[in-house]
Engineer: 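Okay, handing you the structure first.
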Amino acid sequence: MGVKIVQRHGKTLREKLYLPAIFGGMKTTLRHFTANLSDTPQIKTFSYPEEQPQDITERYRGVHRLTKREDGSVRCVACFMCATACPAECIFIEAQEREDGVDEKMPRRFDIDLLECVFCGACVEACPCDAIRMDSGIFSFIGKKREDFIQTKEQLLAREAKENR
Amino acid sequence: MVSLSVDGKRIEVRENTLLIEALLSQGISIPHFCYHPALGKDGNCRMCMVEIEGQKRPQIACDTLVKEGMVVRTKGEKIDRVKRSILEMELINHPIDCPICDQAGECSLQNYYMDVGLYESRLTTPKVRGKKHVDLGANVVLDQERCVLCTRCVRFTEKITKTHELGVLSRGDHSVIDTFPGEKLNNPYAMNVVDLCPVGALTSKDFRFAKRVWFLQSEKAICNRCARGCSIFVDHHKEKYGSEKIYRYRPRLNEAINGYFICDAGRLSYAHENALFDAQAMIRGKVSEYDYAEGKWLRLLKRYLGKTLFLISSSLGLEEFVRLQKLAKLYDIALSAYEPDRFDDRFGDTFLKCADRSANARALPLLGIDDTQEGFQKALQNAELIVLIGRHDVALILDAPCRKSVVVLDAGGMTCEEVELMLPVASHTQKEGTYINVEGYVQYSACMIANDKGRKSLLELLGTVLGDGMVRAQEIWEEEIVRLEPFQNLSFAMLSSTPRIVL
């Protein structure tokens, strides 16, 4: 393995002392502290969960969904690319023969265990059919028991993309 | 011997060898579809192009005989361009539906594209469409679009099975493989065309969509369905939160025994193995804890000391025979391997399938284990406890006039209230063992799929009873088997080369 030598920064006495830099930083903290103390309504917080965040971007990796074809049927062909790419091994697929003539193969079962998922997005990257996306915008998923977090094919298909405002 | 130069390296091969054979024997990778060692050359795919010095154009390696002083180049800008062009032509009408193709992961087209292809498609016209799902019969499904027309399957039915069911129909880019009108693929070796097919055109109906191949782990084993003992790969996988499951058997090259092929009956027998994986310990027909059942087996053995008969299967491994024989001698237990249903004349043929359905009965006379009906009847009369080992044909005992206690030590199978104890042991693919085939070849089956039910192998159970703790085949070979007269010229290490003994 190669070794890369990185030059150490800060050769002057002022830099070696650290203290001027620390006081510089503390000055900024103190300035914000006093400004906020004198004008509380200006603090950038909101009352979650009554108020929902408005800055969820298009690229945000939320809870997965399975996309559909134009005719409304499942787009996934159960090729297992997502399950292969998944570092958490949280995608459970069972394939079956597709009988409606649209394609040959489809998933019988497509479960994602959200408790194991690390929301890395590797499944979306791996999918050759654009059948799985994480654009639902759901950043907080609530369940009452463990089984609620295992998202089935039907639940994933029912989910729609987040509308962009 | 002829010496030639390949990519600047000198190699020596026998005269009259095909250039492709010479290259492959040296471990040089050379793309090919139509050439197959068992089917010979055909020269139709044009993938195996090499440059030969002195020849104007690139030549196909599969239809060129080696010559003294030949200078061959398999790599380089020029030859790669030729290979890329040929691959591009093969892929013109290929649907590239790898996501739904069972061959993906072990497909020659995919591999060659990654090696020499990697071009952008220049095709602007629509692809020629074919039928996607043609049931050829015998568990073989044909996808005409994926086919590269290498005709390996056609030549297999011509040269190996001589049944001639398949042919190439139509001309030009409408050429397709199909069965002749009104016929179906119908021979006991038909599923070998699935392995022969270098692409995903012929797939197995049995394995269809069952598993992506890159998840599978392959284990080397010996088929135990008849006396031939074909070499196979056992492809298995343990799903997360699931248990071990075998998905398919594939033939494993063994020139001495089965070549490149196995029969369909053997190939599909993996389902039988899978069914055994769930067997539970039973006492008088009721499910029991394994440890308790194992204790009961030892207690029964002790109670009926001197009045016990071991009725063993002739398909057990050589190591198990030797250990059982040792135990029988030590505790004065009668030993019989009588099997009324050993021979099945409807099963046998002249190629691979044998009428003798026993995997290892050849070892019985070598070890001096009795397998006659008279010997069995005599031993049965004197015994009070009958232990069926590796078999569960309890009807043989229960039909006997006087009542006996019956214990079954088998991988699985039926049980009933008449059976005192059913103790499941490791099945064929869960245990190692040595088997002697019908021609006297001694083969070692190394496949030991882990069992998650805490079930022990027969060798482990015998190791406990004998108290010497010898449970591995290698130990038993080194300590006991090599001392026996028929095996004195062998050693455990030699088994990988399939030695032959005189029967």
Engineer: For chain B, find its close neighbours in residues 90-107 of chain A: heavy-atom separation under 4.5 Å, sorted by number, or none.
Structural biologist: A/F92, A/A95, A/Q96, A/E97, A/D103, A/E104, A/K105
Engineer: Is it true that, when you exclude A/E50 itself, more than 12 heavy atoms of the residues, nucleotides or ligands shown sit nearer than 6.0 Å to its CD?
Structural biologist: yes
Engineer: Flag yes if more than 12 heavy atoms outside B/K245 fall under 6.0 Å of its NZ atom; otherwise flag no.
Structural biologist: no
Engineer: Quick one: CD on A/E89 to OH on B/Y241, what's the gap to the nearest 0.5 Å?
Structural biologist: 9.0 Å
Engineer: Heavy-atom pairs under 4.5 Å with chain A are the metric here; pick the option from B/E239, B/R208, B/K211, B/H133 that has the most.
Structural biologist: B/R208
Engineer: Verify the neighbour count for atom CZ of A/F46: are there more than 12 heavy atoms of other residues, nucleotides or ligands below 6.0 Å?
Structural biologist: yes
Engineer: Under the ring pair (Phe, Tyr, Trp, His ring centres under 6.0 Å) rule, collect the residues that match up with B/H94, sequence neighbours excluded.
Structural biologist: none
Engineer: Under the ring pair (Phe, Tyr, Trp, His ring centres under 6.0 Å) test, which residues partner B/F156, sequence neighbours left out?
Structural biologist: B/F261
Engineer: How about NZ on B/K127, more than 12 heavy atoms from neighbouring residues, nucleotides or ligands closer than 6.0 Å, or not?
Structural biologist: yes
Engineer: Within a 6.0 Å radius of atom OH on A/Y18, are there more than 12 heavy atoms belonging to other residues, nucleotides or ligands?
Structural biologist: no
Engineer: Residue by residue, scan residues 115-137 of chain A and write down, ordered by number, those that have a heavy-atom distance under 4.5 Å to chain B; if none do, write 'none'.
Structural biologist: A/E116, A/P128
